[in-house]
Amino acid sequence: FTCKQCPGGTYSNVTGAYECVDCAAGTFTPIDGAINCVPCLVGTYQPSPGQESCFRCEAGTFTNKTGSKICDDCDPGTYQAFSAQRVCESCPIGKYADDKGEVECVNCDPGKFAAEEGMAECELCPAGYAQIAPGMANCEPCPAGSFSYQGSAECQPCPFGKISEKAGSASCFTCDRNSVPDKDRTKCICAVGFAAVYDNTTEGGSRCDPCPLGAICDYNGTVWETMLTRPGYWEALSGEFYRCPYEYYCAGGVETGDLQ
C-alpha cells in the first residue's frame with residue numbers, strides 16, 4: 001500500500017497510522033505531512049478543529065496566551081483599536097468606555113469629568129463646580145457671585161437679592177435685613193438709609209444701623225466711618241451729628257469737629 005501525507009490542518013505522530021488526526025481547536029498546521037500542530041499565536045485564535053491557520057482577534061478584543069479558542073472582550077474602561085492584540089489599553093483621562101469590547105473611548109460630556117485612566121463612566125461635576133468642555137479631567141469652581149447644581153456645564157449667577165461669597169458655592173443666600181447684594185453679588189452691603197458699623201460679634205464683622213439724622217445714606221454700601229454730612233449739620237469726633245446753629249457755616253460733606 002502507499003502512504004499519503006496528512007493534509008494541512010491534520011497530523012500524525014505515530015508510525016503505521018491508518019488516518020490523520022485533526023488539529024485541536026486553538027491549534028493549526030498549514031503544511032502537509034505534519035507530525036504535530038502549532039498553538040495559535042498570542043493575539044490570534046481558532047475555534048474549530050482541523051484548521052490550517054488562526055484568526056486575528058478583532059478590534060475590541062484580545063488574547064494574551066497561545067492556543068486560544070476565543071478572544072476576550074476588552075473590559076469596560078479599556079479599549080483596543082487594532083486587531084491581533086495581546087492587551088487592551090486603558091481609556092485616557094477625560095474619556096470613558098461603558099461597555100465590553102469597545103474599539104475607542106468616548107469624551108465625557110459637559111458637566112462630567114474623568115480624573116483617572118480606565119474609567120467605565122464619567123463622574124458628575126459636584127455642586128459648586130462646572131465644566132463646559134467635553135473630555136475633561138476635572139471641573140472648575142464657580143466664581144464668587146455664582147453657583148451650580150451637581151452635573152452642571154455652566155455656573156449660574158446668584159438670583160436677584162442673593163450672594164455667594166466664596167468660589168465653589170453650591171447655593172446662594174439672602175442678605176440679612178437692612179442689607180442688599182453688591183453689584184457682583186459677592187457680599188452684602190448696607191441698603192439705602194443704613195450704614196455699616198464695625199461689630200466683631202457678627203459673622204461679617206459689621207452690622208447695618210439706621211442712618212443718623214444729619215448724615216447722608218442715599219446709596220447702597222454706605223460705611224459709617226466715611227459717610228458724608230448733610231448741609232446744615234456737622235459731625236463730632238465722637239461720630240454723633242448735630243445741627244449747626246447757623247446753616248451757612250455747615251455746607252455739608254465732610255464736616256467734623258469737637259464740642260467746645
Side-chain angles (χ1 to χ4, degrees), residues 9 23-30 37-159 164 166-172:
C23 291
T27 67
F28 74 103
T29 180
C37 298
V38 181
C40 292
L41 300 176
V42 168
T44 67
Y45 73 105
Q46 180 50 258
S48 302
Q51 300 300 309
E52 298 182 32
S53 63
C54 296
F55 300 112
R56 297 164 64 92
C57 289
E58 297 178 354
T61 67
F62 75 102
T63 178
N64 57 10
K65 59 183 181 293
T66 60
S68 294
K69 300 176 184 178
I70 60 171
C71 299
D72 297 316
D73 287 333
C74 293
D75 290 329
T78 68
Y79 75 104
Q80 183 50 258
F82 303 103
S83 62
Q85 298 299 305
R86 65 169 60 209
V87 294
C88 296
E89 304 293 337
S90 295
C91 290
I93 58 175
K95 296 177 180 286
Y96 73 103
D98 61 356
D99 203 355
K100 292 183 177 181
E102 297 289 357
V103 299
E104 63 179 355
C105 299
V106 182
N107 281 334
C108 292
D109 291 332
K112 298 181 179 182
F113 70 102
E116 300 177 357
E117 295 181 348
M119 298 292 288
E121 61 181 353
C122 299
E123 298 181 66
L124 294 173
C125 291
Y129 289 72
Q131 181 52 260
I132 193 171
M136 302 305 291
N138 54 33
C139 300
E140 300 295 334
C142 293
S146 66
F147 76 105
S148 73
Y149 300 112
Q150 185 184 43
S152 294
E154 297 184 73
C155 301
Q156 303 297 322
C158 287
S164 63
K166 300 178 181 179
S169 294
S171 61
C172 303

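Quick note: numbers below take in every heavy atom, side chains included, and nothing from hydrogens, waters or symmetry partners.
The side-chain contact (heavy atoms from CB on, under 4.5 Å) search around T29 returns C23, I31, A34, C37, not counting sequence neighbours. In this structure P143 satisfies the side-chain contact (heavy atoms from CB on, under 4.5 Å) test together with S146, C155, sequence neighbours excluded.
What you find for Q51 and S48 is that their closest heavy atoms are CG-O, 3.4 Å. Across all non-hydrogen atoms, the minimal contact from A59 to A81 is CB-O, 3.6 Å.
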Distance-only check: which donor-acceptor pairs under 3.5 Å involve side-chain atoms of residues 113-132, not counting sequence neighbours?
from, atom 1, to, atom 2, distance (Å)
Q131, OE1, A133, N, 3.1
Q131, NE2, N138, O, 2.9

Cut-off 3.5 Å, no hydrogens considered: what does the side-chain donor-acceptor table look like for residues 96-105, sequence neighbours left out?
none

List, one per line, each side-chain donor-acceptor pair under 3.5 Å for residues 68-80, sequence neighbours excluded.
from, atom 1, to, atom 2, distance (Å)
S68, OG, T63, OG1, 2.5
S68, OG, K65, O, 3.2
T78, OG1, D75, N, 3.1
T78, OG1, D75, O, 2.6
Q80, OE1, F82, N, 3.1
Q80, NE2, V87, O, 2.7

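With rounding to the nearest 0.5 Å, the separation of OG in S148 from CD in Q150 is 9.5 Å. The CZ atom of F28 sits 7.5 Å away from the OG atom of S53 when rounded to the nearest 0.5 Å.
Each ring-ring contact (aromatic ring centres under 6.0 Å, His included) pair with one or both residues in residues 45-67, not counting sequence neighbours, appears once here: Y45-F55.
No side-chain donor-acceptor contact under 3.5 Å links S164 to the backbone of A144.
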